[in-house]
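Labels below follow one simple rule: chain letters A, B, ... track the order of the sequence lines, proteins then strands, and each chain is numbered from 1.
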Amino acid sequence: MVRANTYVDRMGLYIKIVLGLKRSEPGLIDVQNLKKSYKSFQAVNNSNFHVKEGEIFGFLGPNGAGKSTTINILSTMLKPTSGEVTINGYDVTKHRNRVRESIGIIFQENTLDEKLTAKENLMLHCKFYGVPRLKRKARINEVLEIVDLKDSVNSLVEKFSGGMQRRLEIARGLLHYPKVLFLDEPSVGLDPQTRAHIWEYILRLKEKENITMFLTTHYLDEAEISDRVAIMDHGDIIAIDKPKKLKQQLGGDIIEMTTTDNEAAIQEIKANFDVVDVSLKDDVIYCKVENSDAFVSNFIKTLQTPLTGLDIRKPTLNDVFLSFTGREIRD
Amino acid sequence: MEGIIAIWQRDIIKFFRDRARMIGSFSMPILFLVVFGVGMGGSMESLVAAGVGPEEDFNYVEFIFPGIVSMTLLMTSVFSSLSVIQDRDFGYMREILVSPVSRVNIAIGKMLGSASVAFIQGVMMFVLMPFLGITIDFVSFLQVLPVMFMIACAFSSLGLFVASLLNSMQGFQLVVNILVMPMVFLSGALFPLNNMPGWVDFLVTLNPVTYGVDLMKHIMIDVENLSAMVQEEMGLNLTFFGQPVTMMGEIIFLLGFTTLLILLATLSFRRAND
Ligand SMILES: Nc1ncnc2c1ncn2[C@@H]1O[C@H](COP(=O)(O)OP(=O)(O)OP(=O)(O)O)[C@@H](O)[C@H]1O
Ligand SMILES: [Mg+2]
């Protein structure tokens with residue numbers, strides 16, 4: 001048995017080496033042809049993506065898109081129906097424990113023990129992951145510092161606010177120095193101010209530890225902090241790129257303006273300015289231009305028709321989502 | 001190894017933090033002691049006296065005390081093990097399952113946690129002895145401790161296995177009704193089970209509580225000094241499909257039972273990821 005398995009593993013390795021010659025960038029996370037179905041329902045269809053070391057990779061999609069399903073497969077909590085997923089070089093179905101040692105995860109639902117103190121929660125985590133005994137105290141201090149919870153180490157978690165609990169979970173996920181940190185909707189259910197704080201901590205972490213992060217969200221502004229974003233809808237990845245690139249694909253910025261004479265203004269814009277598109281809707285003129293920064297100062301100086309209002313709007317990921325699916329992300 | 005300790009430790013910390021549960025779990029055993037010991041004690045003793053003669057030194061409370069302690073071990077073990085259902089509902093189970101702790105160590109840690117809690121509760125029952133007018137010598141006390149822990153392990157692994165079959169805490173009451181109480185009544189813990197119909201005998205023979213209670217009785221009661229008649233009357237001569245049961249046999253049965261159910265519970269933890 002052992003022999004046969006070794007043989008199969010070897011073959012797999014050779015195949016990987018051969019394929020690897022063709023693949024340009026082996027990532028810290030490699031997902032190939034990943035599919036997951038619950039009975040007859042396809043939750044994830046044929047996903048392919050790679051995440052590089054040190055990258056923040058965002059997964060953006062509406063409710064039920066398949067984000068948690070993907071993150072649960074990547075973290076060994078769910079078996080894929082088919083496809084190949086490796087984390088840090090280890091296959092998530094064959095070398096589960098190696099994968100588990102390599103990752104930290106903040107699940108969508110709270111998984112703290114509320115009847116224990118913050119310190120007890122962290123100490124148990126150290127033991128689960130075999131953090132060396134002598135390093136535990138220092139590590140606990142270190143992660144609590146990152147999330148500003150040092151003053152509450154000895155309080156019961158049930159006394160914590162939602163934001164504090166989330167921060168404690170993030171701290172816990174870091175204790176064993178994972179190669180990748182998975183964050184499934186880390187700011188869900190929190191008020192806007194606390195949400196902003198959570199992201200501050202996550203970015204601080206990124207600066208300090210250069211940790212690879214895989215996060216999911218259905219808030220557009222949160223996806224913006226990612227180095228690259230995958231947009232997911234109904235189990236399909238419909239686009240993957242840098243947020244800036246995705247927005248550029250839409251063909252530029254939008255300038256909304258009102259004038260004393262809209263008809264005359266449109267004539268003038270078409271004749272004298274370099275715009276991608278111009279349209280009129282509900283007494284507002286919409287101009288799409290390639291680069292609003294370069295365009296606007298000259299535009300205001302030279303336009304003859306008097307302006308009564310002007311607003312520059314950079315495209316958001318919502319515009320991207322809209323252009324790919326024809327729907328707003330928050331239906 | 002550390003994973004086992006961590007999972008065990010969590011249960012212990014939570015047990016000592018929850019005083020209400022600690023006190024609450026004494027109510028049932030004490031009620032049983034009163035009903036069976038004091039209430040039925042007199043008539044049981046006169047029944048025995050009628051059969052054997054009044055000179056016999058027989059105390060019914062002494063007879064059921066090991067049974068009540070076993071019952072405490074059983075109930076506390078099973079209820080503590082069922083906390084894995086709560087862990088599943090409140091999410092902590094995912095923190096455990098996503099860690100590199102092996103699934104068998106998760107099961108063992110959880111089993112040891114429940115068993116330790118039950119063991120502590122069981123030992124606390126001994127505080128009641130002076131009020132019941134019974135005594136135990138020091139050597140017997142030292143002998144009965146490891147046996148109690150072993151029994152608690154068997155019951156905890158049973159609880160863990162049952163928990164793996166249940167989807168929610170709603171099954172909790174059901175387990176008490178269809179499993180725990182019958183196991184107590186069909187064990188000889190509270191009254192001797194002589195001359196029962198064959199199918200009852202069969203259940204009694206397969207019931208791990210039977211052997212736990214019997215082991216404790218043999219250690220705590222001075223069985224040798226009871227007449228053969230009383231031993232028979234009080235169901236102290238167990239048989240296992242016709243073979244007389246020895247204490248070593250009982251220990252092997254309980255250890256085997258524990259191992260089997262731990263393996264079954266491990267399989268269910270493994271399945272949790274699919
Ligand atoms: N255990 C399950 N059995 C059956 N269907 C499931 C199961 N888990 C998830 N699904 C379905 O799979 C789809 C994807 O769910 P998933 O939780 O991955 O979405 P999500 O993108 O994380 O959404 P949300 O933003 O709400 O967290 C949903 O339609 C969901 O109903
Ligand atoms: Mg989700």
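At a heavy-atom separation below 4.5 angstrom, chain B is approached by Ile105(A), Phe107(A), Glu109(A), Asn110(A), Thr111(A), Leu112(A), Asp113(A), Lys115(A) within residues 105-115 of chain A. Chain A is approached within less than 4.5 Å, heavy atom to heavy atom, by no residue from residues 108-116 of chain B. Contact residues of residues 128-143 of chain A toward chain B are Phe128(A), Tyr129(A), Arg133(A), Arg136(A) (heavy-atom distance under 4.5 Å).
Just one residue in the list Met1(B), Glu2(B), Arg10(B) forms a side chain to side chain contact (heavy atoms under 4.5 Å, CB included) with Lys127(A), and that residue is Glu2(B).
Environment of OH in Tyr38(A): crowded, with over 12 heavy atoms of neighbouring residues, nucleotides or ligands closer than 6.0 Å. Annotation: Phe15(B), atom CZ; neighbour count of heavy atoms from other residues, nucleotides and ligands within 6.0 Å is above 12. Within a 6.0 Å sphere centred on NZ of Lys119(A), other residues, nucleotides and ligands contribute 12 heavy atoms or fewer.
Remark: Arg172(A) engages Glu95(B) in a salt bridge, criterion side-chain N to carboxylate O under 4.0 Å. Under the 4.0 Å criterion applied to side-chain N and carboxylate O atoms, Glu120(A) and Arg17(B) are assigned as salt-bridge partners.
In this view, Ile252(B) and Met248(B) satisfy the side chain to side chain contact (heavy atoms under 4.5 Å, CB included) rule, not counting sequence neighbours.
Among Arg98(A), Glu101(A), Glu169(A), the residue with the largest count of heavy-atom pairs under 4.5 Å with chain B is Glu101(A).
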(request) Go through the steps for Arg94(B) and Asn72(A) under the test side chain to side chain contact (heavy atoms under 4.5 Å, CB included), then give the verdict. (result) CA-CA 10 Å; Arg94(B) 312 190 88 196; Asn72(A) 286 338; 3.5 Å; yes

(request) Just do the side chain to side chain contact (heavy atoms under 4.5 Å, CB included) check on Gln9(B) and Met123(A) with the steps written out, would you? (result) CA-CA 11 Å; Gln9(B) 200 177 26; Met123(A) 202 44 115; over 6 Å; no

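Heavy atoms closer than 4.5 Å to chain A are found nowhere in Ile5(B), neither backbone nor side chain. With a 4.5 angstrom heavy-atom cutoff, His176(A) does not touch chain B via any of its atoms.
Atom CZ of residue Arg100(A) and atom OG of residue Ser102(B) lie 10.0 Å apart, to the nearest 0.5 angstrom.
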